[in-house]
2 protein chains.
Amino acid sequence: MQNSEAMALSAALLAVAGELTRRIHDGVVARGFEGLRPAHGFAFARLAPDGATVTDLAVHLGVTKQAASQLVDELVRKGYAARRPHPEDARARLIVLTESGWGCARAAEEAAAEAVRGWDAALTEEELRVLRETLLRIAPDGPIRPTW
Amino acid sequence: MQNSEAMALSAALLAVAGELTRRIHDGVVARGFEGLRPAHGFAFARLAPDGATVTDLAVHLGVTKQAASQLVDELVRKGYAARRPHPEDARARLIVLTESGWGCARAAEEAAAEAVRGWDAALTEEELRVLRETLLRIAPDGPIRPTW
DNA sequence: ACCATATAGTCAAACAACTTGACTACCTAC
DNA sequence: GTAGGTAGTCAAGTTGTTTGACTATATGGT
């Protein structure tokens, strides 16, 4: 593949990612969850399964733990997350989603589904399936970070 | 497609985009172009063909023209771009890439090609081609913005 | 059991990117 | 020619993040 083709692929990927991020964010806002930025969504992704510590979050987001701590402050203040004592380490705290936080996570899923449905006009169901599988194959195991 | 599948697709897409951005940035730095952030890359994308005005850039990046102007200041100070008088409008200035700026743009293409080659381990040449065409079909016409 | 060292988290100050507000120079249309 | 709009910049304020310093708890060696 030529350099220019690789760049075209990259640009398309980044354009789609940017647009998707914007749509998910708008969809979440439209469902009544305000005061959140896309960066919070990346935190939710890490918190959702079983909670996480501030340090876990910091690594996941690629920021300092101070920044992660402030982000958690914000989520707690807005009622989306809560700090609970960590069951195995008295120094640490387990950050978990509240009911409202789970509602927001569901809203994000709905918004994502809605955004993806918007691609139906350009892609068949089969192409969409192939796209998903292809991306899952090259997606890094690691964290989702808003690098730029 | 179920909501959770759409979310998995979205997460994979964002993870790949984040990783790709990081790799391109690292590759550009490795080629000796320093003091640049990924955001500058998005500006380059708009400046590269024929230059652009500050207002064009601001719209493209989704920021205020003051922010775009500051970003141009930085590129000029670092020797990647220059402000030239606009041929048709004495109020405006045409921002163009310098030789060093073009060198950086080429470095970004090489870095992108290198990053994409890293996917060869997981994808066949044919799958890569399909991925590129699929993404180009759903990529918005609009600007590439670092929305998050 | 004790001490040295490392880790989890927070507070505070410094910093960087961006926004809002105000202004000048130039363009465009009536 | 004059009124209103647009391109760009300067300055100040806001926001998110980092760097530095500190406390509390954990861990490993002796």
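Values below: every heavy atom of this structure, side chains too, minus hydrogens, waters and symmetry copies. Bear in mind that the values here come from a model prediction, so they are computed numbers and not experimental data.
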Rounded distance (Å) that lies between atom P of C/dC26 and atom CZ of B/Arg91: 10 Å
OP1 or OP2 of C/dT7 sitting under 4.0 Å from any side-chain N/O of A/Thr55? no
Electrostatic pair A/Arg129:A/Glu133 at N-O distance under 4.0 angstrom: yes
Within this structure, what is the CG-to-C1' distance between A/Leu94 and C/dG9, rounded to whole angstrom? 14 Å
Of all heavy-atom pairs between B/Pro87 and B/Leu94, which one has the smallest distance, and what is that distance? CD-CD2, 4.4 Å
Residues A/Ala58 and A/Lys65: closest non-hydrogen pair is CB-CA, 3.6 Å
Taking OP1 and OP2 of D/dG16, is either one under 4.0 Å from a side-chain nitrogen or oxygen of A/Arg37? yes
Ion pair B/Glu74/B/Arg77, N-O distance below 4.0 Å: no
Would you say D/dG8 has OP1 or OP2 under 4.0 Å from some side-chain N or O of B/Thr53? yes
Between B/Thr21 and B/Ala17, is there a donor-acceptor pair closer than 3.5 Å when you use the side chain of the first and the backbone of the second? yes
B/Arg84 CZ to D/dG8 P, straight-line distance once rounded to whole Å: 16 Å
Begin from the C-alpha positions of A/Arg106 and A/Glu110 and carry the test salt bridge (Lys or Arg N to Asp or Glu O under 4.0 Å) through to its verdict. CA-CA 6 Å; A/Arg106 278 191 301 274; A/Glu110 290 171 23; 5.9 Å; no
Rounded interatomic separation in angstrom, taking CG from A/Leu57 and P from C/dT10: 11 Å
State which of C/dA8, D/dT18, C/dC26 makes the closest approach to the side chain of A/Val63. D/dT18
In whole angstroms, how far is the P atom of D/dT23 from the CZ atom of A/Arg93? 17 Å
Can you check the B/Asp56 CG to D/dA7 C1' distance for me, whole Å? 11 Å
Close approaches to DNA chain D from residues 65-74 of chain B, in residue order (heavy atom, under 4.0 Å): B/Lys65, B/Gln66, B/Ser69
Go nucleotide by nucleotide along DNA chain D from the 5' end; which of A/Asp89 and A/Thr64 gets its closest nucleotide reached first? A/Thr64
Residue of the set B/Leu123, B/Leu128, B/Val130 for which side chain to side chain contact (heavy atoms under 4.5 Å, CB included) holds with B/Glu126: B/Val130
Phosphate-side-chain proximity, A/Arg83 and C/dT10, N/O vs OP1/OP2 below 4.0 Å: yes
To the nearest Å, how far apart are A/Glu88 CD and C/dG9 C1'? 18 Å
